[in-house]
Amino acid sequence: MAGGDTEPRTEPFSEPQRLEKLRELVSLGIDPFGHRFTGITHHAEEIAAHCDDLAGQAVRIAGRVRAVRLHGGSCFLDLHDESGRIQVYVRKDAVGDASFRLLDLLDLGDFLGVDGTVFRTRRGEPSVDATSFVPLAKALRPPPEKYHGLQETELRYRYRYLDLMANPEVRRIFRQRTAIVQAFRRTLDARGFLEVETPVLHHQATGAAARPFETHHNALDLDLSLRIALELHLKRLLVGGFERVYEIGRVFRNEGISTRHNPEYTLMECYQAYGDREDMMDLTEALVRESALAALGQTRFTYRGEEFDVGEPWRRVTFAQAIRDHGGPDIDKLRAEEDWRGVAREAGVDSAQPITKLMDDLFEHYAQPHLRQPTFLLDHPAAMSPLARAAADPRYALRFEPMIAGMEIGNAYTEQNSPLAQREAFEQQANERQRGDAEAHPLDEDFLFALEHGMPPTGGLGIGIDRICMLLLDAPNLREVILFPLQRPRA
RNA sequence: GCGCGCGUAGCUCAGCUGGUAGAGCAGCUGACUCUUAAUCAGCGGGUCGUAGGUUCGAGCCCUACCGCGCGCACCA
């Protein structure tokens, strides 16, 4: 992926005229790619919003030219900067003949620096009456169409810069995403969590049930995997004596792509010593509430036409209860694996697959689509939760998954801190792996070595940042909240 | 991976029952000193995703491949 996913296309330029104009600029002694432009006083949005207060005031602005309306001896330009659009009025009388002729060398997409005074046109449009302007950077290709923008999904993702250039709502989405991430940091920092960074290159990808990407270190001649979770390194830090840690980082899962999945995605994981999953439920409510407030200014939001509110305490329901509630079997009555396979057959769920997958399928079959409002799904079967402590009934784990709109947005445990129980759970997973469950957790001897030095009782939580963004920002598709989603190289 | 759909000018899109490629924006030339999807007059622009096939003739029908989207599968 280094260097982007497309071949550079330098030839032929779609606009040979632009190259010609570039040469003319050079012949006039103007650097077509400009230089430092200091002393910018305002953004477009400020001028538009405070036009009357600023009227008559000298301003210096810079941005990209998105429209040119030439009227012989005068010209209107639409200049776009990060904040929005402002109109620039250039009169030959004001800037002089030589400067005015530079407009002939200007193309849509070029960057321009402008000095001028704020005024409102007769039609009421906030504008800057230019006293001078300077070309700052030439664009050799045209920007997307000014009215319809860039519509084709493939082009929007592949050339996200064009999408950002053309579609202001896309810029808004990614500002809101940043606001959400900042809300996570602010909330965690305020509660005394220490932000840390742990390795992306792992000897063994553990901490979740997923297939990893494999890579290789040449100098050490060492096979490595990209991480699939942050969990086991963060827990090592609790062994080391940090009491509250978190990381917001990219994880990589070598699996299919869908509206809800991207091979790399951003995960927040945090761990709180002397806590348990109860603390993590409080924290989840706070993180999601603060995210909504940061991005939307309120706790209510609409996702795909459905109303949600993350301002209230979330509903709680156990894994078993959720299945019962929606017409499924009473799994509390199940003892042996064969019992599970029996109810799976009745439900029409694949009964021959690995047992953890089967359990998950039963839940998805009966309950998951019905868990709409913010809900903590509690007490998953212990077999599918090898990193969590067992509940009073050892068939279940002290675990929860926060769910909104039928979608899992995270995962949390009262963490397993007994090295003995952890080893047992890993061995059980190894068993499952031998029986054909390719995604069972591998045994991590190095992590067990750490646990054997003692880890305090701990509550741990992971939340998928992209999923939260998708929900809060009403994105139909995870890729809408990822700047550069993975795409195949173009033919 | 499987199924369905899409791919026409730089962008947004038309293109009928198979008859030899269109519009708007963008570009170029000219006019215009308060326009704003500026306007007016004129001009240029296409391996119709790629490669085969059927046909007198294919943007259109068939096959394969490439890319994208959606659904399923896998996962969060």
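Reminder, nothing fancy here: chain letters follow the sequence lines and each chain counts from 1. The figures here come from the full heavy-atom set of this structure, side chains too, leaving out hydrogens, waters and symmetry mates.
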Under the salt bridge (charged side-chain N to carboxylate O under 4.0 Å, His left out) test, which residues partner A/Glu337, sequence neighbours left out? A/Arg341, A/Arg435
Go through residues 404-413 of chain A and report each residue with a non-hydrogen atom lying under 4.0 Å from RNA chain B, sorted by number. A/Glu408
What are the residues of residues 71-93 of chain A, sorted by number, that bring a heavy atom to within less than 4.0 Å of RNA chain B? A/His71, A/Gly72, A/Gly73, A/Ser74, A/Phe76, A/Arg85, A/Gln87, A/Tyr89, A/Arg91, A/Asp93
May I have the distance from [X] (atom [atom1]) to [N] (atom [atom2]), rounded to whole angstrom?
X	N	atom1	atom2	value
A/Arg479	B/G71	CZ	P	9 Å
A/Ile228	B/C74	CD1	P	17 Å
A/Gln151	B/U8	CD	P	14 Å
A/Arg69	B/A31	CZ	C1'	18 Å
A/Arg260	B/A73	CZ	C1'	12 Å
A/Arg122	B/U36	CZ	P	13 Å
A/Gln487	B/G49	CD	P	19 Å
A/His148	B/A9	NE2	C1'	16 Å

Working to the nearest 0.5 Å, report the span between CZ of A/Phe193 and CG of A/Leu283. 5.0 Å
Nucleotide nearest [X] when distance is taken to its side chain, options [options]:
X	options	result
A/Tyr147	B/A37, B/U36, B/C74	B/A37
A/Gln17	B/G27, B/U36, B/C74	B/G27
A/Thr153	B/C34, B/G69, B/C32	B/G69
A/Glu145	B/C11, B/C70, B/G67	B/C11
A/Thr121	B/U35, B/G69, B/C68	B/U35
A/Leu108	B/G67, B/A26, B/U35	B/A26
A/Ser258	B/C70, B/C28, B/A73	B/A73

Using OP1 and OP2 only, check whether a side-chain N or O of [X] sits under 4.0 Å from [N].
X	N	value
A/Arg488	B/C68	yes
A/Lys357	B/A73	no
A/Arg123	B/U35	yes
A/Arg141	B/G10	no

[X]/[Y] ion pair, N-O < 4.0 Å:
X	Y	result
A/Asp379	A/Arg399	no
A/Glu285	A/Arg289	no
A/Asp52	A/Arg120	yes

Taking for each residue the nucleotide of RNA chain B bearing the nearest heavy atom, is the 5' side occupied by A/Asp107 or by A/Leu155? A/Leu155
Contacts of A/Leu70 and A/Asn477 projected onto RNA chain B by closest heavy atom; the upstream (5') one is A/Leu70
For [X], what residues pass the ring pair (Phe, Tyr, Trp, His ring centres under 6.0 Å) criterion, not counting sequence neighbours?
X	result
A/His233	A/His202
A/Phe76	A/His71, A/Tyr89
A/Phe301	A/Phe308
A/His43	none

When all nucleic acid strands are considered with a 4.0 Å heavy-atom cut-off, which category describes [X]: base, sugar-phosphate, or nothing?
X	answer
A/Asp129	nothing
A/Gly462	nothing
A/Glu152	sugar-phosphate
A/Ala166	nothing
A/Gly464	nothing

Rounded [atom1] spacing from [N] to [M] in Å:
N	M	atom1	result
B/G15	B/G59	C1'	8 Å
B/G3	B/G49	P	22 Å
B/C6	B/G45	P	31 Å
B/U35	B/C40	P	15 Å
B/C61	B/C48	P	16 Å
B/A51	B/U12	C1'	29 Å

Only one of A/Asp279, A/Asn411, A/Leu287 clears side-chain contact (heavy atoms from CB on, under 4.5 Å) with A/Leu461; which? A/Leu287
Could you pull out every donor-acceptor pair under 3.5 Å between side chains of residues 105-116 of chain A and any protein atom, sequence neighbours left out?
residue  : atom : partner  : partner atom : Å
A/Asp107 : OD1  : A/Lys21  : NZ           : 2.6
A/Asp107 : OD2  : A/Lys138 : NZ           : 3.0
A/Asp110 : OD1  : A/Lys138 : NZ           : 3.4
A/Asp110 : OD1  : A/Ala139 : N            : 2.8
A/Asp110 : OD2  : A/Asp107 : N            : 3.0
A/Asp110 : OD2  : A/Lys138 : NZ           : 2.4
A/Asp115 : OD1  : A/Arg60  : NE           : 3.0
A/Asp115 : OD2  : A/Arg60  : NE           : 3.3
A/Asp115 : OD2  : A/Arg60  : NH2          : 2.9

Kindly state each residue pair satisfying salt bridge (Lys or Arg N to Asp or Glu O under 4.0 Å) with at least one member in residues 159-168 of chain A, sequence neighbours excluded. A/Arg156-A/Asp163, A/Arg160-A/Asp163
Can you list every salt bridge (Lys or Arg N to Asp or Glu O under 4.0 Å) pair that touches residues 89-100 of chain A, not counting sequence neighbours? A/Arg91-A/Asp129
Any ring pair (Phe, Tyr, Trp, His ring centres under 6.0 Å) involving residues 356-379 of chain A? Give me the pairs, sequence neighbours left out, ordered by first then second residue. A/Trp314-A/Phe376, A/Phe319-A/Phe363, A/His326-A/His370, A/Phe376-A/Phe400
Give RNA chain B the dot-bracket treatment, 5' to 3': Watson-Crick (N1-N3 with N6-O4 or O6-N4) or G-U (N1-O2, O6-N3) under 3.5 Å, [ ] crossing, | other strand. (((((((..((((.....[..)))).(((((.......))))).....(((((..]....))))))))))))....
Have A/Arg69 and A/Gln87 got a donor and an acceptor in their side chains that come within less than 3.5 Å? yes
